[in-house]
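Beneath this line is the structure, given in structure tokens, with notes to follow.
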Amino acid sequence: MALEPKPRDFPRIRSAVKLYRVSSIITGVMLLLLCLEVVLKYVPVFGVELELGGPQGFLALVPAGTVTAVNLSTGILIAHGWFYVLYLFADFQLWSRMRWPFWKFVLIALGGIVPLLSFFLEVRIAREVKTYLAGREAELSASAPVEVTH
């Protein structure tokens with residue numbers, strides 16, 4: 001018999017779903033920006049990086065390796081890394097509270113490194129958790145003893 005979440009954990013699960021949804025959207029957007037940055041930098045046709053506040057202007061694409069001001073390309077890389085850490089934390093929190101098998105943790109974790117996957121998983125996982133909680137709460141309220149007053 002598979003383990004199920006305890007009813008006392010339902011509020012924590014709802015909180016974990018909110019954190020997961022927000023972190024998955026942010027991580028997904030940052031991953032798409034990172035993919036764009038990698039294409040711009042490493043595809044020979046482009047070979048550019050994003051520079052902020054340099055001699056070319058406020059925001060400019062400059063040849064790779066010639067950034068003299070703030071390198072936004074590196075900033076995107078670093079930001080995605082830290083948001084992915086938050087995403088993994090949210091994934092772990094939700095996974096452990098829902099008492100899912102380990103493969104589900106790995107699947108959700110892949111959402112932060114496979115472009116667009118986090119957006120699909122965010123919808124699917126949130127719907128699955130909400131449906132599960134609603135069903136369990138209905139089941140628990142139906143089996144709760146009815147108090148009779150005279």
Side-chain angles (χ1 to χ4, degrees), residues 1-53 58-59 61 64 67 69-150:
M1 179 172 161
L3 293 175
E4 292 188 347
K6 297 178 176 111
R8 71 172 187 255
D9 288 335
F10 289 1
R12 289 187 189 125
I13 292 170
R14 283 190 179 84
S15 175
V17 164
K18 288 178 187 174
L19 178 63
Y20 167 71
R21 292 185 80 183
V22 169
S23 67
S24 70
I25 291 169
I26 293 170
T27 301
V29 169
M30 294 305 296
L31 181 58
L32 291 177
L33 287 173
L34 179 61
C35 290
L36 177 63
E37 184 272 324
V38 166
V39 167
L40 287 174
K41 184 174 181 178
Y42 294 110
V43 171
V45 175
F46 302 112
V48 294
E49 290 183 278
L50 193 55
E51 178 183 62
L52 175 69
F58 179 71
L59 192 61
L61 290 171
V67 176
V70 177
N71 189 337
L72 282 182
S73 297
T74 302
I76 291 169
L77 176 70
I78 293 168
H80 173 265
W82 282 108
F83 280 117
Y84 185 63
V85 171
L86 172 66
Y87 179 78
L88 286 177
F89 173 75
D91 175 14
F92 179 78
Q93 226 183 9
L94 185 60
W95 168 78
S96 63
R97 291 196 169 125
M98 286 298 294
R99 297 176 173 221
W100 283 330
F102 185 69
W103 67 263
K104 200 157 199 170
F105 173 80
V106 173
L107 173 68
I108 297 171
L110 286 173
I113 56 176
V114 176
L116 300 175
L117 185 59
S118 69
F119 300 112
F120 294 108
L121 286 176
E122 181 265 327
V123 171
R124 183 170 181 246
I125 296 294
R127 184 182 326 125
E128 181 180 335
V129 170
K130 288 179 180 181
T131 302
Y132 174 82
L133 291 178
R136 276 292 302 277
E137 286 173 337
E139 178 184 302
L140 291 170
S141 66
S143 66
V146 177
E147 189 174 309
V148 179
T149 59
H150 293 272

CZ-OG distance between R97 and S15, expressed to the nearest 0.5 angstrom: 7.0 Å
Euclidean distance, S23 OG relative to F83 CZ, rounded to 0.5 Å: 10.0 Å
Interatomic distance, H80 atom NE2 to L33 atom CG [nearest 0.5 angstrom]: 10.0 Å
K18: partners by side-chain contact (heavy atoms from CB on, under 4.5 Å), with sequence neighbours left out: none
Audit row: L133, R136, side-chain contact (heavy atoms from CB on, under 4.5 Å) steps and yes/no: CA-CA 5 Å; L133 291 178; R136 276 292 302 277; 5.7 Å; no
Under-4.0 Å salt bridge between D9 and R12: yes
Flag side-chain contact, heavy atom, 4.5 Å: E49 against N71: yes
Distance-minimising heavy-atom pair for L117 and L107: CD2-O, 4.4 Å
For W100, ring-ring contact (aromatic ring centres under 6.0 Å, His included) partners two or more places apart: none
Partners passing side-chain contact (heavy atoms from CB on, under 4.5 Å) against L40 (at least two apart in sequence or in another chain): L36, F46, V48, L61
Any donor-acceptor N/O pair, Y87 side chain to I108 backbone, under 3.5 Å: yes
Residues in side-chain hydrogen bond (donor to acceptor under 3.5 Å, both in side chains) contact with R99, at least two apart in sequence or another chain: none
Minimum side-chain heavy-atom gap F89-L19 below 4.5 Å: yes
Verdict with supporting geometry, L32 and L116, side-chain contact (heavy atoms from CB on, under 4.5 Å): CA-CA 8 Å; L32 291 177; L116 300 175; 3.9 Å; yes
Spacing of T27 atom OG1 and Y84 atom OH [to the nearest 0.5 Å]: 8.5 Å
Check against side-chain contact (heavy atoms from CB on, under 4.5 Å), F119 and L31: CA-CA 11 Å; F119 300 112; L31 181 58; over 6 Å; no
CZ/R14: more than 12 non-hydrogen atoms of other groups inside 6.0 Å: yes
Approximate separation, where rounding is to 0.5 Å, of R8 CZ and I13 CD1: 11.0 Å
Side chain E51, main chain V67, donor-acceptor under 3.5 Å: no
Where L88 and A109 come nearest, the two heavy atoms and their spacing: CD2-CB, 3.6 Å
Evaluation steps, side-chain contact (heavy atoms from CB on, under 4.5 Å), between K104 and M98: CA-CA 11 Å; K104 200 157 199 170; M98 286 298 294; over 6 Å; no
Results of side-chain contact (heavy atoms from CB on, under 4.5 Å) for V123 - residues two or more places apart only: R127
Reported CD1-to-CD distance for the pair I26 and E122, which is rounded to 0.5 angstrom: 11.5 Å
With F92 via side-chain contact (heavy atoms from CB on, under 4.5 Å) - residues at least two apart: W95, S96, F105
Shortest non-hydrogen contact from A126 toward V17: CB-CG1, 4.3 Å
